[in-house]
Amino acid sequence: MDPGLILVQTFNGLVYSSILFLVSSGLTLIYGIMRVLNLAHGSLYMVGAYLGITVVLYLMSGTPLGYLLAFLAVPPLTGLLGAALERGLIRRTYEMGEEYQLLLTFGLILIFDDLVKMIWGPAYINFPDPNAFLGGFRFGEYKIPVYHILLIALGFSVFLVLWAFFSKTFTGKVMRAAAQDSEVVEAMGVDVSKIFVYSFFLGSLLSGLGGISAGPLYTASPGMGTDIIVYSFAVIVIGGMGSVPGALAGSLIVGVFRSLAIAFYPQMEIVVVFVIMALVLLVKPTGLFGAPEFERR
Amino acid sequence: MQSESEEVSFEQIAIAVGIILLALVPLAGRHMTHLVASALLLSLAATSFNLLFGYTGLLSFGHALFWGVGGYTLAVMMSRFGLGYVESFVMAVIMSAVFGAVIGFLCVRHTRIYFAILTLAFGQMFYGVAVKWDFLGGSDGIYGLPRPFNTLELYYYVILAITLASLFILYKITRSSLGLSFMAVRDNAFRAKFIGLDVSRVRLTSFIISSIFSGVAGALYVLLETAISPETMLWTHSAEFVFVTLLGGPRVFLGPLVGGFIYSFLADVAMSATEYWLLVIGVVLVAIVLFFPHGVLGYFLKWREKR
């Protein structure tokens with residue numbers, strides 16, 4: 001094996017880890033706070049990419065300013081969309097079994113996939129290459145695009161911001177408390193239904209940010225939401241469901257191993273992720289950073 | 001008391017009429033025969049899924065995996081090893097049980113959403129294997145298999161007979177002491193433990209039986225289509241089982257069957273009407289969850305009780 005290729009693939013893996021982290025941190029924080037697993041979380045990632053291409057290509061015709069605008073405007077929009085879904089639809093399932101939650105959010109995936117096809121068409125849409133204005137470095141025979149470096153930096157900064165938010169701010173602390181026991185938090189005078197909307201806003205914002213980040217790397221396509229959500233499940237199971245540091249660890253593991261598999265054993269690309277997941281489950285069923293699961297009666 | 005055993009119940013009449021209608025389906029043309037055959041197999045898979053879900057309380061979101069295991073085993077045995085129909089089918093059943101035992105062992109230690117996500121992930125994993133492994137035909141799958149008796153109509157009766165027999169076995173299981181232990185675990189695993197049930201073992205048993213019959217449905221489906229592709233193992237296919245079950249009603253044995261037929265006909269109509277038929281299915285799904293969570297058969301039985 002060529003050590004240069006290993007390095008480059010590890011680097012590419014970190015880029016993918018970064019996007020995985022943006023999506024799965026949103027998924028895991030919604031699950032952690034509300035015990036809701038939003039299957040349509042990947043759809044918000046897809047919507048993020050499509051809104052991104054609309055701003056970058058159709059409104060700003062590929063200028064650097066368009067990219068800046070897309071990164072600033074799109075994530076809050078997907079956040080609002082997620083909050084609206086929680087308010088309008090998902091909230092109504094809290095009193096029902098979680099199978100209804102999963103099914104409702106699965107129905108949303110089908111709806112979003114077809115709506116995207118209706119609005120933007122079924123074909124893949126390429127983003128204008130951001131490295132055209134960002135440039136890149138040479139590393140031996142390989143090229144390292146600046147956009148990839150920025151994405152890795154983005155992933156780590158989001159982790160730091162989330163960490164600061166949950167440990168330093170009042171709202172973040174209340175959200176963590178609601179994750180522990182929403183009834184007690186409610187008894188202390190906090191409007192828990194607001195906390196739920198905030199979590200959906202924040203989680204969906206992160207997913208949309210993942211989508212706009214991923215768009216220039218992998219194009220925008222109608223099936224991209226279901227692709228990423230399945231890997232995100234593996235990430236949060238490996239890291240421990242509900243844990244943001246777990247999502248970081250899981251993203252790093254999945255991103256790097258998948259990327260190395262693509263280079264050296266391409267037929268193992270999908271399998272390697274789930275083999276790691278199965279191994280983690282055998283050794284530590286609650287995931288690397290997960291708290292022990294308790295069975296409600 | 002006397003009259004109870006002699007009187008024919010409404011359910012018995014409905015089932016008899018249903019079986020007669022099913023037997024007459026080939027008269028309605030090839031399209032209808034194919035549609036009903038697929039509906040029967042989807043219903044069988046959904047009913048076996050519901051043994052785990054409705055009766056044991058475990059929501060599997062990866063059950064299409066066992067459909068795929070049954071299907072791929074049959075296809076591989078026939079095309080790669082040259083076995084006959086019966087031997088291949090038996091192998092498909094055995095492999096479904098083996099996969100059910102191994103994956104079940106890993107999954108039943110968890111419940112609720114965790115269980116759902118694990119089964120989903122294992123389903124995706126084997127989808128990944130099927131897509132990338134040339135032995136299984138890669139992304140094209142395995143195609144060009146010969147259909148038994150060479151005609152759709154005769155094969156339809158094979159499907160009908162095996163489906164009805166499987167449903168009968170599953171029904172007997174739900175009525176046996178084993179079925180009661182499934183429900184005890186579903187209703188309260190904590191108490192079930194106290195009366196001496198080995199909860200994990202009960203769950204695993206249910207998981208294995210459930211995988212076997214999903215495998216049977218998958219194996220029969222391969223010969224209906226004369227092909228199998230990796231997409232049959234995708235989690236979207238697993239979600240179909242869940243959808244169909246909730247559509248019909250998870251607390252009634254025949255709920256998934258009713259749901260399977262409604263879904264198949266709805267999808268058939270929607271597919272010929274619009275290319276965005278999944279959008280239609282999605283809207284129906286959301287509406288069911290919000291407005292009719294007990295399923296068609298569940299509401300029907302409630303309505304009959306009231307009268």
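Chain identifiers are assigned alphabetically (A, B, ...) following the order of the sequence lines, protein sequences preceding nucleic acid strands; residue numbering begins at 1 within each chain.
For B:L285, the part sitting under 4.5 Å from any heavy atom of chain A is the side chain, from C-beta outward, and nothing else. Looking at A:M118, both its backbone and its side chain come within 4.5 Å of chain B, counting heavy atoms on both sides. Heavy atoms closer than 4.5 Å to chain B are found nowhere in A:F112, neither backbone nor side chain. At a 4.5 Å heavy-atom cutoff, the contact between A:I109 and chain B is made by side-chain atoms alone. Interface remark: B:L106 contributes side-chain atoms only to the contact with chain A (heavy atom separation under 4.5 Å). Both the backbone and the side chain of A:V275 come within contact range of chain B, judged by heavy atoms closer than 4.5 Å.
Shown here are the salt bridge (charged side-chain N to carboxylate O under 4.0 Å, His left out) partners of B:D268, two or more places apart in sequence or in another chain: there are none.
No more than 12 heavy-atom neighbours from other residues, nucleotides or ligands sit within 6.0 angstrom of OH on A:Y198. With a 6.0 Å radius and a threshold of 12 heavy atoms from other residues, nucleotides or ligands, B:F105 has its CZ atom at or below the threshold.
Ring geometry for B:W67 against B:F241 counts as tilted: the plane angle lies between 30° and 60°, on a 0 to 90° scale. Ring geometry, B:F53 versus B:F49: the interplanar angle falls under 30°, so the pair is classed parallel (tilted spans 30 to 60°).
For the set B:A239, B:A116, B:A287, the count of heavy-atom pairs under 4.5 angstrom toward chain A peaks at B:A239. Comparing B:L59, B:V242, B:I117, B:V284 by how many heavy-atom pairs each has under 4.5 Å with chain A, the most go to B:I117. Residue with the most contacts toward chain B among A:L37, A:L103, A:I270: A:L103 (heavy-atom pairs, distance under 4.5 Å).
Annotation: side-chain hydrogen bond (donor to acceptor under 3.5 Å, both in side chains) contacts involving residues 237-259 of chain B, sequence neighbours excluded, comprise B:E240-B:Y263.
Here the closest non-hydrogen pair linking A:I19 and A:G210 is CG2-O, 4.1 Å. Here the shortest heavy-atom pairing between A:L110 and B:L278 reads CB-O, 3.6 Å. Looking at every heavy atom in both residues, A:A40 comes nearest to A:L108 through CB-CB, 3.8 Å.
Inspection of the B:S48 and B:S214 side chains reveals an N or O donor paired with an N or O acceptor under 3.5 Å. Residues A:T54 and A:W120 have side chains that bring a donor and an acceptor to within less than 3.5 angstrom of each other.
At a heavy-atom separation below 4.5 angstrom, chain A is approached by B:L120, B:A121, B:F122, B:Q124, B:M125, B:G128, B:V129, B:K132 within residues 119-134 of chain B. Contacts between residues 221-236 of chain A and chain B, defined by a heavy-atom separation under 4.5 Å, are made by A:T226, A:I229, A:V230, A:F233, A:I236.
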message: Using the rule given for side-chain hydrogen bond (donor to acceptor under 3.5 Å, both in side chains), can you reason through A:H41 versus A:S204, listing the C-alpha separation, both sets of side-chain angles and the distance that settles it, and then say yes or no?
response: CA-CA 7 Å; A:H41 193 69; A:S204 308; 5.2 Å; no
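The cationic group of A:R91 does not satisfy the cation-pi geometry with A:F196, failing either the under 6.0 Å distance to the six-membered ring centre or the 45° limit from the ring axis.
In this structure, B:S264 OG and B:L42 CG are separated by 5.0 Å, a value rounded to the nearest 0.5 Å.
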